[in-house]
Amino acid sequence: MLRLSVLTRFLHASLNPLRSKTPQFTDGTPMSGPVTRFAPSPTGFLHIGGARTALFNWLFARRHGGRMLLRIEDTDRERSTDAAIREIIDGLSWLGLTWDGDVVYQFARADRHAEVAAELLAADKAYHCYATPEELVEMRETARAEGRPPRYDGRWRDASAAEVAAAQARGVKPVVRLKAPREGETVIEDAVQGRVTFPNKDLDDLVLLRSDGTPTYMLAVVVDDHDMGVTQIIRGDDHLTNAARQTHIYQAMGWDVPAMAHIPLIHGADGAKLSKRHGALGVDAYRAMGYLPEALRNYLVRLGWSQGDREFFTTGEMIEAFDLRQVHRSPARFDFAKLENMNGHYMRAADDAALTQALIDTLPYLAGRATMAAALDDAKRAQLLAAMPGLKARAKTLNELAEGAEFLFARRPLPMAPKAAELVAKGKAHLPALHARLAAAPEWSAAATEAAVRAEAEATGAKLGDLAQPLRAALTGKTTSPGIFDVLDVLGREESLARIGDCLDGAVA
RNA sequence: GCGCCCAUCGUCUAGCGGUCUAGGACGUCGCCCUUUCACGGCGAAAACAGGGGUUCGAGUCCCCUUGGGCGCGCCA
């Protein structure tokens, strides 16, 4: 199921147990520039906060001519799924956040993690702990009751041989814990958070290996980040305390601690961390809502990061301007209204052909657009492209774009929206004459049909709107659409006249 | 409870001791444009959480309070 990646093999072969002085990539080229990594756990979809973390890692690597690695943290065998892995990779690809090298699967590296734990044990920097789950619970409760942080008390840290023998005799399977420093403090120099200090007495002896011998997350991240040559860790600030504990592992192994940057989480409208109760969504959901990846990227980068008053950044500008030091320490709330506005900007600025293609490519992901996708042929594509200027000005998402394009795909006799039927009924008196004038138009173009309709307005003294509205309803079955002369043009003479004709002989409305 | 982090319009933010009667963007509300709806243009309402310091001078520095967030597993 989960394969051992080439990079993982490579790391085993050449970097263990100690990293070589001049690390190389699989192809033999020397590493240069910073190395970042995005390390999601495949226990759910790639949520929007993870996407932003990936973006920042990607921008940082690009900005400094480095590389971004992708590591799947699948050590939780119960909750990790292949489907989640596929979604993460799919989501990153859709967003255009490419990683360098092969994907590293953390679980595949369990042996190496255990090896490091053994080293630590041998160096007396770790020890076996035989405390039972019940004892641990009790410990935490006592600590809390006494106003202390709920921590492991280190009771097996200096256990005697006799005590160990007794526990073994009882058949207790031990975990391996790190001998963390108990005095002094641990300092994190964080690019975003600044200098953060933790008193070591508040950090306990974390578990490195579970009683079944599998590595914990704490051990695995440190070993993998080290082996993969990660120089800059950029992750959510929910990991800030972990950074201190992980520092202890680095120190115990005598490894360099990578530079850190803990970025604030994205919050929901209520100010709390995005979660299921907010209806937290995977990035695939944003695609399904019709957002453009470049718009989502732009929105995301401006969440908690800014360059003066600037709102819009092309990808190149983003890379050039990105600086971790300008990332804010306070969490930002996710605002759909602004995302939508930004998406609208991107759509209007998009090239018509490119946007048409984007819509077509996205159709399979949009809800209820199967028939539209099925009806697509060269003629429809051409119509879509021709209508695009009028369509894109009226849409903020690809969904709205598809909705606006419905009239192109509608079959006669047209389904009429109630309000549209009213308009047809109200303007019925004008329709026969309009039909006649349009039929007599010397050529079929927006200019020619406009001339015909204006001539009718002049002849009858009606306002243009009195004629255009019923016409719009007859042609599109809706009350809103692009400019009516553009609609006529795109639909073509035959179809236009037929749709108007349907309203005359009562086929519709 | 303990630890850490944060605090400018409803939201995203500019501001890095004087140029702040606090700027921009989204949203909201008007007006204009107009064949609908949009787009676009113009305009309006809207914020320095509170209290102490430091300083000639504080949105900007320090402290406290309050509020919010995150963390505290043999999860990641």
Side-chain angles (χ1 to χ4, degrees), chain A residues 39-43 73-76 78-80 106 129 131 133 136-137 140 143-152 173-177 188 190 192-194 196-199 202-204 206-212 214-218 220-221 236-242 244-245 262 264-265 267 269 271-273 299 302-312 328-342 344 348 390-396 400 404 423 450 453-454 457 463-473 476 478-485:
Chain A
S41 62
T43 53
E73 312 223 312
D74 54 353
T75 52
D76 185 339
E78 293 294 308
R79 299 195 296 152
S80 296
Q106 189 161 61
C129 165
L136 260 17
V137 170
R140 284 186 209 109
R144 202 179 271 261
E146 291 171 5
R148 290 181 291 113
R151 297 286 133 84
Y152 172 70
K173 287 267 200 182
V175 298
V176 174
R177 285 185 186 270
I188 306 294
D190 194 283
V192 172
Q193 304 290 331
V196 185
T197 307
F198 295 90
D202 292 334
L203 272 13
D204 58 6
L206 65 267
V207 173
L208 298 171
L209 247 37
R210 302 187 186 98
S211 52
D212 66 359
T214 58
T216 60
Y217 160 80
M218 285 292 178
V221 234
D237 70 3
D238 50 340
H239 285 288
L240 191 55
T241 349
N242 289 339
R245 314 173 97 105
H262 287 88
L265 269 12
H267 286 181
K273 176 165 114 168
Y299 176 72
R302 280 285 289 102
L303 223 47
W305 176 82
S306 57
Q307 273 279 292
D309 282 341
R310 188 156 192 191
E311 298 282 350
F312 290 92
H328 305 165
R329 296 217 266 250
S330 53
R333 300 182 188 201
F334 194 88
D335 181 14
F336 270 103
K338 187 145 186 171
L339 202 212
E340 199 158 288
N341 172 277
M342 193 161 257
R348 289 192 296 280
L391 252 22
K392 72 181 183 185
R394 293 168 172 76
K396 290 195 165 113
E400 292 179 6
L423 278 176
E450 176 163 4
V453 175
R454 283 192 187 277
K463 283 192 285 188
L464 192 53
D466 295 336
L467 305 182
Q469 279 301 85
L471 210 45
R472 183 188 319 283
T476 67
K478 300 182 180 196
T479 55
T480 68
S481 79
I484 197 63
F485 307 115

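A note on names: the letters A, B, ... follow the listed sequences, proteins ahead of strands, and every chain is numbered from 1.
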Letter by letter from the 5' end, nucleotides 3-15 of chain B scores (B base, S sugar-phosphate only, - none; protein heavy atoms under 4.0 Å) SSSS----SBSS-

Using a 4.0 Å heavy-atom cut-off, write out nucleotides 30-49 of chain B from 5' to 3' as B (base contacted by protein), S (sugar-phosphate only) or - (no contact).
-> -----BBBSSS---------

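With sequence neighbours left out, A:Arg329 forms a salt bridge (Lys or Arg N to Asp or Glu O under 4.0 Å) with no residue at all. Partners of A:Thr476 according to the side chain to side chain contact (heavy atoms under 4.5 Å, CB included) rule, which considers only residues two or more places apart in sequence or in another chain, are A:Phe407, A:Arg472, A:Lys478, A:Ser481, A:Val487. Considering only residues two or more places apart in sequence or on other chains, A:Gln193 meets the side chain to side chain donor-acceptor pair (under 3.5 Å) condition with none of them. Partners of A:Arg348 under the salt bridge (Lys or Arg N to Asp or Glu O under 4.0 Å) rule, at least two apart in sequence or in another chain, do not exist in this structure. When the salt bridge (Lys or Arg N to Asp or Glu O under 4.0 Å) test is applied to A:Lys392, the partners found at least two apart in sequence or on another chain are A:Asp352. With sequence neighbours left out, the side chain to side chain contact (heavy atoms under 4.5 Å, CB included) criterion links A:Ala395 to A:Met347, A:Glu400, A:Leu401. Qualifying side chain to side chain contact (heavy atoms under 4.5 Å, CB included) partners for A:Asp309, counting only residues two or more places apart in sequence or in other chains: none. With sequence neighbours excluded, the residues forming a salt bridge (Lys or Arg N to Asp or Glu O under 4.0 Å) with A:Glu311 are A:Arg302, A:Lys338, listed by chain and number. Residues passing the side chain to side chain donor-acceptor pair (under 3.5 Å) test with A:Asp204, sequence neighbours excluded: A:Arg245.
A distance of about 25 Å separates the C1' atoms of B:C16 and B:C26, rounded to the whole Å. Comparing the C1' positions of B:U28 and B:C9 gives a spacing of 12 Å, expressed to the nearest Å. Rounded to a whole angstrom, the distance from the C1' atom of B:C2 to that of B:C61 is 29 Å. Here the separation of B:U65 from B:A44, taken at their P atoms, is 42 Å to the nearest Å. On the P atoms, B:A76 is 15 Å away from B:G71, given to the nearest whole Å. For B:G59 and B:A47, the P atoms lie 16 Å apart once the distance is rounded to whole Å.
B:A7 and B:U66 make up a base pair, with Watson-Crick or G-U wobble contacts both under 3.5 Å. Base pairing annotation: B:A44 forms a Watson-Crick or G-U wobble pair with B:U28, both donor-acceptor distances under 3.5 Å. Nucleotide B:C72: paired with B:G1 (Watson-Crick or G-U wobble, both distances less than 3.5 Å). Applying the Watson-Crick and G-U wobble criteria (two distances, each under 3.5 Å), B:G18 pairs with B:C56.
Between A:Asn242 and A:Met218, the shortest heavy-atom distance links the atoms OD1-CE, 2.7 Å. The heavy-atom pair separating A:Thr241 from A:Phe198 by the smallest distance is CG2-CE2, 3.7 Å.
Residue A:Met342 is out of contact with every strand shown, counting any heavy-atom pair closer than 4.0 Å. Within the nucleic acid shown, A:Thr214 has no heavy atom closer than 4.0 Å to any nucleic acid atom. Contact annotation for A:Ala131: base contact, defined as any heavy-atom pair under 4.0 Å involving a base atom.
For the pair A:Asn242 and B:A76, the criterion of a side-chain N or O lying under 4.0 Å from OP1 or OP2 is not met. Close to B:A76, at under 4.0 Å from its OP1 or OP2, lies no side-chain N or O of A:Arg79. Look at A:Arg177 and you'll find a side-chain N or O under 4.0 angstrom from OP1 or OP2 of B:C74.
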When you compare the protein's N or O atoms with those of nucleotides 18-22 of chain B, which come within less than 3.5 Å of each other, and at what distance?
none

